[in-house]
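Note sheet for the following structure.
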Amino acid sequence: MNENELFKTASREIQPDSELVAWHMNFLDKMVGIDSRSFNVNEFEGDRTTPVDMKEILQCAEDYLRQIGFTWIKINQSPAECHGATPILLAEITVSEEKPTILFYAHLDKQPYMDDGRFQKWAGVPPTELRWNEDKTRAYGRGAADDLSGVVSIGMAIDALIKSLQPDSSAKLLLDDLPCNIKVIYETEEECGSHSLARQIQQNQEFFSTVDCVVITDVVNPATGIPGLTTSLRGVIQLDATLTPKKEPQGIDAQTALYKLLASLIHPDHSLAVKEIAQSDTPETVEEIAGYANVPITIEMMREAGGLLPDTQLTVPSKKEALLLAQLRKSFVNVRPGHRVSGSIIFGAAGARLTLSPCRDADGLKIALERLLSALNNFNLNLKLTRLESDAGDAVFDLFLQSATKDPHSGMHGGPFPIAELQLAKMIDRLILNDGSLHTDINTFLTPNEGTLSVQSLWVEPDEDSRPFDNPSSKAIIEVRLGPGNEETQAGQYLINHLKKNALSGFELEMHMEKGCSPWMTACKHPVFPLAMEALEKGFGQRSCLYGCGGSIPFVAKLLEALGDVQPLCLGPYDSDSRMHEPGESLSMVDLLGCTRSIVYLMAHVAKAYPPSKTP
């Protein structure tokens, strides 16, 4: 059977109603049902309180691969010096030293559920139960897209290939008939930074030493059913920042001082104000801009995917190329309240409680505040100011800002869309000066020379429901997506230096770096890249495009550094509507099956890119 016949035979079984797909969806159901959260357990009353050791999901994945046909599988013992590390799973089918070797990567760990025990954000269904829409085109559950779709896409493609060569289950598969050697790595730490991955790769150097290319199934496609070959990834640094007063009183409270610090992270046009990071971004090429112009998506599609409100203005020119450059190639900063469990998302709404006293005219103050805040609302976010009942002499208001109806993934959507939390910080920064004196427009309504402003951060939902955090300490999570050209350690120091420089002198700033990884780009000069583009077109039945990913995959740079001269192929098994890292995550079947068929085509034809005489 030649390579084209092999692809056609296997592809016939990779259809929504086939027995093959149903079998693999059954295993997807099992894996969604296993708690493999990478961090932030104890999210609600009755939830588990101890971290997940990943043993159950690893055992399920081992059973899955054995039933497909793998006989050599290893669950690696994490190195003792890597505290809290969880294992990687390795598997292989060896055919011949004369044939190329493809390594397939996906991860088994998941994001937190980001909901209470009622799971209203998951339509009332626990995120560990796989739920299908009516026409079976989309399945909902935590991890269904990120990255169990990658796990299943790899497994289904290999299974389809084997069954095409062994149509009769009683017939013996001749390994020589397989077009390539197959290796698999399933990771369990991707969502928390792949901390021990490089060390575990070092433990298994012989396994990785023969790899020619690596297929990474943990990226998003430009749009549903539209395939893209990802050639760049932004990096990420994330730190927790806590501000406490050195002594009392300061004339300004800690939460207000924290908002003023956060406001220093962006310029008025919302671009990143940590100049060393912004200036390290590699300039885009003419070819890249031309390529982005050909990506088959529209501004309207990108706004809708991010849940942007109709009146919310962009932070970049309203051109597709500008949005894609901001999403995929430029560094940007995102901020989240520090006491709220969340993954790598942008909260679509933000809020703060403002207490001004002593107040002489609360009604007049509200009008003045609304006028002033509206003038500071540079990107036309939905802004509401609600007066609350308060003690005599105080005027208390809840300030609500909303840019989007969703809480979109910061990697996929961050850059061209304004961050509500940062715009809130910019507004509060303008209301009060560093010495505690208030803006003249509101000071008029307070007792002369005695006016004060205190601020509380609010837990805010998109439906405008809000409440103060139970923990009153002043804490924020600061996340910077790093454009190619940056390096994680140096960028982290740049961010720390910026925060130290801009923190008010009367406060103690405590910082803890949570995670980081460097950005990545690849040149597409090796023959395997046009083959991958061809494979995507054949697998999806749609024209493929070179694309980037604004998100961060620590595995990529770490693996390529460990492996050396190995070509990385990043293929998308899920779409931009998957809501990865958000409540309501879902899998697109058209993208899962398209990616699976693309992998089959790549395996069937890979010898074209690695002929025997040229195989390293």
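Just so you know, these numbers come straight off a predicted model, no measurement behind them.
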Worksheet item: Nearest 0.5 Å, what's the NZ-OG distance between Lys275 and Ser280?
Response: 11.5 Å

Fill in: Sub-4.5 Å side-chain heavy-atom contact between Lys426 and Ile266
yes

Item to complete: Determine yes or no for a side-chain-to-main-chain donor-acceptor pair under 3.5 angstrom, with Lys500 supplying the side chain and Leu495 the backbone.
Response: no

Item to complete: Step by step, work out the side chain to side chain donor-acceptor pair (under 3.5 Å) result for Glu479 and Ser410.
Response: CA-CA 9 Å; Glu479 173 194 47; Ser410 61; 3.0 Å; yes

Worksheet entry | Check: Leu308 and His413 side chains under 4.5 Å, non-hydrogen atoms | no

Item to complete: Locate the shortest heavy-atom distance separating Ala503 from Leu509; write the atom from each residue and the value.
Response: CB-CD2, 4.1 Å

Worksheet item: Under the salt bridge (Lys or Arg N to Asp or Glu O under 4.0 Å) criterion, do Asp575 and Arg138 qualify, and how do the steps go?
Response: CA-CA 11 Å; Asp575 66 343; Arg138 194 169 285 276; 2.7 Å; yes

Discussion item. Consider salt bridge (Lys or Arg N to Asp or Glu O under 4.0 Å). Of Glu582, Glu585, Glu461, which one does Lys121 pass it with?
Written reply: Glu461

Discussion item. With a sphere of 6.0 Å drawn around CZ of Arg131, does it hold more than 12 non-hydrogen atoms of other residues, nucleotides or ligands?
Written reply: yes

Worksheet item: Roughly how far, to the nearest 0.5 Å, is the CE atom of Met513 from the CD atom of Glu488?
Response: 8.5 Å

Practice prompt. Provide the full list of side chain to side chain donor-acceptor pair (under 3.5 Å) pairs with a residue in residues 303-323, sequence neighbours left out, each pair given once.
Written response: none

Worksheet item: For Asp363 and Arg387, what are the C-alpha separation, side-chain angles and deciding distance, and is it a side-chain contact (heavy atoms from CB on, under 4.5 Å)?
Response: CA-CA 9 Å; Asp363 292 332; Arg387 183 182 170 190; 2.9 Å; yes

Worksheet item: Would you call Asp109 and Met54 a side-chain contact if the rule is heavy atoms closer than 4.5 Å?
Response: yes

Item to complete: For Asp253 and Ser454, test the side chains for any donor-to-acceptor distance below 3.5 angstrom and give the result as yes or no.
Response: no

Worksheet item: So, does Thr452 use its side chain to make a donor-acceptor pair with the main chain of Ser357 at under 3.5 Å?
Response: yes

Item to complete: Without swapping roles, check the side chain of Thr231 against the backbone of Tyr547 for a donor-acceptor pair under 3.5 Å.
Response: yes

Item to complete: Dump the intermediate steps for side chain to side chain donor-acceptor pair (under 3.5 Å) on Thr386 and Asp398, then the final yes or no.
Response: CA-CA 5 Å; Thr386 304; Asp398 276 357; over 6 Å; no

Fill in: Residue pair Leu356 / Leu369, side-chain heavy-atom distance below 4.5 Å
yes

Worksheet item: Taking side chain as C-beta onward, heavy atoms only, is Leu383 less than 4.5 Å from Leu399?
Response: yes

Worksheet item: Is the closest side-chain donor-acceptor distance between Ser38 and Gln111 under 3.5 Å?
Response: no

Practice prompt. Evaluate the side-chain proximity of Ser264 to His498: yes if any heavy-atom separation is below 4.5 Å, no if none is.
Written response: yes

Worksheet item: Can any side-chain N or O of Arg353 pair as donor or acceptor with the backbone N or O of Val396 at less than 3.5 Å?
Response: no

Discussion item. To the closest 0.5 Å, what do you measure between CD (Gln238) and CD1 (Ile478)?
Written reply: 10.0 Å

Worksheet item: What is the distance from atom CD of Glu487 to atom CD of Gln493, rounded to the nearest 0.5 Å?
Response: 11.0 Å

Discussion item. Can you see whether His107 engages Glu187 through a side-chain donor-acceptor pair at a distance of less than 3.5 angstrom?
Written reply: no

Discussion item. Between Asp47 and Arg37, does any side-chain N to carboxylate O distance fall below 4.0 Å?
Written reply: yes

Worksheet item: Do the side-chain N and O atoms of His267 and Asp269 include a donor-acceptor pair separated by under 3.5 angstrom?
Response: no

Practice prompt. Compute both the distance and the angle, then confirm whether Arg579 meets the cation-pi test with Tyr140: under 6.0 Å from the six-membered ring centre, within 45 degrees of the axis.
Written response: no

Practice prompt. Could you tell me how the ring of Phe119 sits relative to the ring of Tyr113: parallel (under 30°), tilted (30 to 60°) or perpendicular (over 60°)?
Written response: perpendicular

Discussion item. Do Leu453 and Leu431 have side chains that approach each other closer than 4.5 Å (heavy atoms only, starting at C-beta)?
Written reply: yes

Item to complete: Without swapping roles, check the side chain of Asp407 against the backbone of Gly348 for a donor-acceptor pair under 3.5 Å.
Response: yes

Discussion item. Please check: side-chain N/O of Arg336 versus main-chain N/O of Ile345, any donor-acceptor pairing under 3.5 Å?
Written reply: yes

Practice prompt. Enter the distance from Leu401:CG to Leu373:CG here, rounded to the nearest 0.5 Å.
Written response: 8.0 Å

Item to complete: State, with a plain yes or no, whether a side-chain heavy atom of Tyr292 is found less than 4.5 Å away from one of Leu325.
Response: yes

Discussion item. Can you see whether Gln490 engages Asn486 through a side-chain donor-acceptor pair at a distance of less than 3.5 angstrom?
Written reply: no

Worksheet item: Going through the checks in order, is the salt bridge (Lys or Arg N to Asp or Glu O under 4.0 Å) test met by Glu421 and Arg340?
Response: CA-CA 13 Å; Glu421 192 75 24; Arg340 187 169 181 178; over 6 Å; no

Practice prompt. Would you please say whether a donor-acceptor pair under 3.5 Å links the side chains of Ser374 and Asn377?
Written response: no

Discussion item. Could you walk me through whether Met580 and Asp147 satisfy the side-chain contact (heavy atoms from CB on, under 4.5 Å) test, starting with their C-alpha distance in whole Å, then the side-chain angles of each, then the deciding distance to 0.1 Å, before giving a yes or no?
Written reply: CA-CA 9 Å; Met580 53 185 280; Asp147 182 35; over 6 Å; no

Response to the item:
dist Asn221:CG -> Asp577:CG (nearest 0.5 Å) comes out at 11.5 Å

Discussion item. Is a donor from one side chain sitting under 3.5 angstrom from an acceptor on the other, for Glu191 and His581?
Written reply: yes

Worksheet entry | Between Ser473 and His339: side-chain donor-acceptor atoms closer than 3.5 Å | yes

Fill in: Pair listing, ring pair (Phe, Tyr, Trp, His ring centres under 6.0 Å) test, anchored in residues 350-399, at least two apart
His270-Phe379

Discussion item. Given the ring of Phe332, does Arg481 sit roughly above its face, with NZ or CZ under 6.0 Å from the centre of the six-membered ring and within 45° of the axis?
Written reply: no

Discussion item. Hydrogens and angles aside, do Ser196 and Glu189 bring a side-chain donor and acceptor to less than 3.5 Å of each other?
Written reply: yes

